[in-house]
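Quick one: the structure is below, questions incoming.
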Amino acid sequence: MDAIDHKALAELLFPDVKMTPEDLEAKYPPRDLPEGAAVTRLAPSPTGFIHFGNLFPAITSERLAHQSGGVFYLRIEDTDAKREVPGAVEIIINSLAYFGVRFDEGAVMDGDRGNYGPYRQRQRREIYHVIAKKLVADGLAYPCFCTEEQLDDIRARQEKEKANFGYYGEWAVCRELSLDEVKKKLDAGMPYVLRFRSNGSIENKIKHIDLIKGELMLTENDIDHVLLKSDGIPTYHFAHVVDDHFMRTTHVIRGDEWLSTLPFHLQLFDALNWKRPKYLHNAPLMKSEGGSKRKISKRKDREAALSYYMEAGYPAEAVFEYALNTLNSNFEQWRMANPDSPATEFKFSVKKMSPSGALLDIDKLRDISKNVIAKMDARTVYDLLTEWAKAYDPEFHDIITKDPEYTINILGIGRGGKKPRKDAAVWGDFRDLISFFYDPLFKPEYEYPDNLNKDDIIAILSEYQGIYDPADDNQVWFGRVRELAEKHGCCPDMKKYKEDPSGYKGHVGDVSMVLRVAVCGRTQTPDLCEIMRIMGAEMVHRRIAQAIENLKAAD
RNA sequence: GGCCCGUUGGUCAAGGGGUUAAGACACCGCCCUUUCACGGCGGAGACAGGAGUUCGAUUCUCCUACGGGUCACCA
């Protein structure tokens, strides 16, 4: 068998490529970073949809880089034009920025930033071709002219023979094409892809250490995978190896769906004599359904989209902390010990990452979110709430921004101190929580304690109209309620009532409840005295009058 | 089907030959309390199954089951 002239083939295929791999090495030198600094990246394809699951590798990458004084960059994998959606890059950048993931380098809003670009793969065509040419010249890649039909046929035969699928060994019919044959096909204008010439065998096992999964026993790759598609654009595999080499990535963090092609990637790094990056493969985020787990699906699950969390109004910080907690479960211990430190001070550890897929736990997210919101001051809550409402609940936004001071006072109820209220998990909860403070949103449901009859209630309310004084502090305020209770046959002392309820219609709590229901139109509220103070005497009196009227009209 | 990965309470998980097998969320009960929320105290609840190695396996090995991934000119 005559050895084909690989150099001649390389020239034939890539006559315009003049640069050499050495030129590229010089253009993209190793980064000047301190020892141990990690260079990581996020490499999404611009489909316009960001999966919630993407947040996990994104945060892992971001933490690893920024915690070590390294670099975190964004690379756009736009090698598949069919799936690309206009404006997708902006959506990616904006959504991730919202959740606290920021890039130092890469594809940013207006073009690119950094010395290792371009950061959009379609603009890197020449770079891939330089390496592709070298691979051909070294006899490690060859053109394949097989049509789709031919490939289908190969597969059908493999299925019949129960052989492994793929383009390899004897099935790789274009592998040994002579220079003349290639020339002929080229002259005939036949399209071709460039394939890697694998020298691997599935008989061989390779050991590889993944930073998350640990020691892996993988099967060597024997498939002649496609490096360049017929349009000259690289496949993911080739782009990954070339880009992460020249962008000097140290840690590749990606989903574990890539595990099966990892042997090929390693093989490519070795074939090019490049240093392999470290790999971290993480399991996908799961969802529980009917007692079993399954991967969260973009089609079936609303919560799969990152935008879902923005719409529901989870504070970005809460989502960030939730993700951090799922990634490193010791985060919550750290959070308890450091309640006021920013989450970025937490020492993120790769060793703590679980090799198996976590289930999305909305309860946990809500709990974290409640704590995050509870720690904010009223002004911050106001700013974030109104910002959210502006986008997702404009009617509510207009109502609460009419009198900012009033709203901030409302949002300040039960806030601060050692045991702050935790009744809101998302911005969307606030509408219901505070609606009764605003006349346009006030939809009272008058449910009074049933141990008091209608006349008692009317009497209590009418009398309260005369004694309410907005100047009263909490003690005085409650003192008046007690007096009122006693006057209407209710025990002013809860303890005493519990010991012996006989001789009373009810207790002071019932009277408070009557006032609460009349003023707020509901049975569950924060501290009533504070509510009244914030509402102001006019509104309190008006609400009580309205309640009395409603009672009288009920007959 | 081939190959690969995974499996500790309902959920997230610590632990990695000898432990009463942490903690958090959720759940339940009690307490605090003018309702709710908060907070405090307590409760129930787990090493997928089977072999093997060992004096001893949740921990190491193998098999089975289950779950997941992948086998494209998609990433």
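Note: hydrogens, waters and symmetry copies are ignored here, and every other heavy atom, side chains too, is used. Proteins get letters first, then strands, A, B, ... in listed order; numbering begins at 1 in each.
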Both distances below 3.5 Å, Watson-Crick or wobble geometry, any strand: find the nucleotide opposite B:rC27.
B:rG43

Measure the acute angle between the ring planes of A:His225 and A:Phe264, then classify it against the limits of 30° and 60° as parallel, tilted or perpendicular.
tilted

Which nucleotide, if any, forms a Watson-Crick or G-U wobble pair with B:rC62, using both distances under 3.5 Å?
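Looking at the geometry, B:rC62 pairs with B:rG50.
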
Is there a Watson-Crick or G-U wobble partner for B:rC36 with both distances under 3.5 Å, and if so, which one is it?
none

Expressed in whole Å, how much space separates the P atoms belonging to B:rG15 and B:rU8?
14 Å

Ring geometry between A:Tyr279 and A:His281 (parallel below 30°, tilted from 30 to 60°, perpendicular above 60°):
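A:His281 and A:Tyr279: parallel rings.
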
Considering only atom P, compute the distance from B:rA21 to B:rC47 and round it to an integer number of Å.
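12 Å, rounded to whole Å.
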
Could you check which nucleotide pairs with B:rU70 in any of the strands shown, counting Watson-Crick or G-U wobble with both distances under 3.5 Å?
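Here B:rU70 is engaged in a pair, and the nucleotide opposite it is B:rG2.
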
Cationic N near anionic O, under 4.0 Å, A:Asp244 to A:Arg254:
no

Would you call A:Asp80-A:Lys82 a salt bridge at under 4.0 Å N-O?
yes

Which atom pair, heavy atoms only, marks the closest approach of A:Gln524 to A:Arg516?
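Taking A:Gln524 first and A:Arg516 second, the nearest heavy atoms are N-CD, 4.3 Å.
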
Could I get a table of every N or O pair under 3.5 Å where one atom is in the protein and the other is in nucleotides 71-75 of chain B?
unit_1: B:rA72; atom_1: OP2; unit_2: A:Arg155; atom_2: NH1; d: 2.8
unit_1: B:rC73; atom_1: O2; unit_2: A:Ser230; atom_2: N; d: 2.9
unit_1: B:rC73; atom_1: O2; unit_2: A:Ser230; atom_2: OG; d: 2.9
unit_1: B:rC73; atom_1: N3; unit_2: A:Ser230; atom_2: OG; d: 3.2
unit_1: B:rC74; atom_1: OP2; unit_2: A:Lys229; atom_2: NZ; d: 2.9
unit_1: B:rC74; atom_1: O2'; unit_2: A:Asp80; atom_2: OD2; d: 3.1
unit_1: B:rC74; atom_1: O2; unit_2: A:Arg83; atom_2: NH1; d: 3.3
unit_1: B:rA75; atom_1: OP1; unit_2: A:Thr79; atom_2: OG1; d: 2.6
unit_1: B:rA75; atom_1: OP1; unit_2: A:Lys229; atom_2: NZ; d: 2.6
unit_1: B:rA75; atom_1: OP2; unit_2: A:Tyr236; atom_2: N; d: 3.3
unit_1: B:rA75; atom_1: O3'; unit_2: A:Glu77; atom_2: OE1; d: 2.8
unit_1: B:rA75; atom_1: O2'; unit_2: A:Ser45; atom_2: OG; d: 3.4

Answer yes when A:Glu84 and A:Arg122 have at least one side-chain N-carboxylate O distance shorter than 4.0 Å, and no when they do not.
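Yes, charged N to carboxylate O under 4.0 Å.
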
Is A:Ser354 touching bases, backbone alone, or none of the nucleic acid, heavy atoms closer than 4.0 Å?
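A:Ser354: backbone/sugar contact only, no base atoms under 4.0 Å.
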
Within this structure, what is the CD1-to-P distance between A:Ile209 and B:rC5, rounded to whole angstrom?
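Nearest whole value for this atom pair: 12 Å.
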
Quickly work out the A:Ile206 CD1 to B:rC3 P distance and round it to whole Å.
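Nearest whole value for this atom pair: 16 Å.
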
Hey, what's the ring geometry for A:Trp258 with A:His265, parallel, tilted or perpendicular (30° and 60° as the breaks)?
tilted

Where A:Ile531 and A:Cys520 come nearest, the two heavy atoms and their spacing:
CG2-SG, 4.1 Å

For A:Lys352 and B:rG16, what is the distance between atoms NZ and C1' respectively, to the nearest whole Å?
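In whole Å, B:rG16 C1' and A:Lys352 NZ are 12 Å from each other.
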
Heavy-atom protein contacts under 4.0 Å, nucleotides 24-43 of chain B, coded B base, S sugar-phosphate only, - none:
BSS-------BBBBBS----

Aromatic rings A:His240 and A:Tyr236: how do their planes relate, parallel, tilted or perpendicular, breaks at 30° and 60°?
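Plane angle under 30°, so parallel.
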
Rounded to the nearest Å, what distance is computed from the CG atom of residue A:Leu259 to the C1' atom of nucleotide B:rU70?
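About 9 Å, once rounded to whole Å.
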
Separation between the P atoms of B:rC3 and B:rC62, rounded to whole Å:
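So the two P atoms sit 15 Å from each other.
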
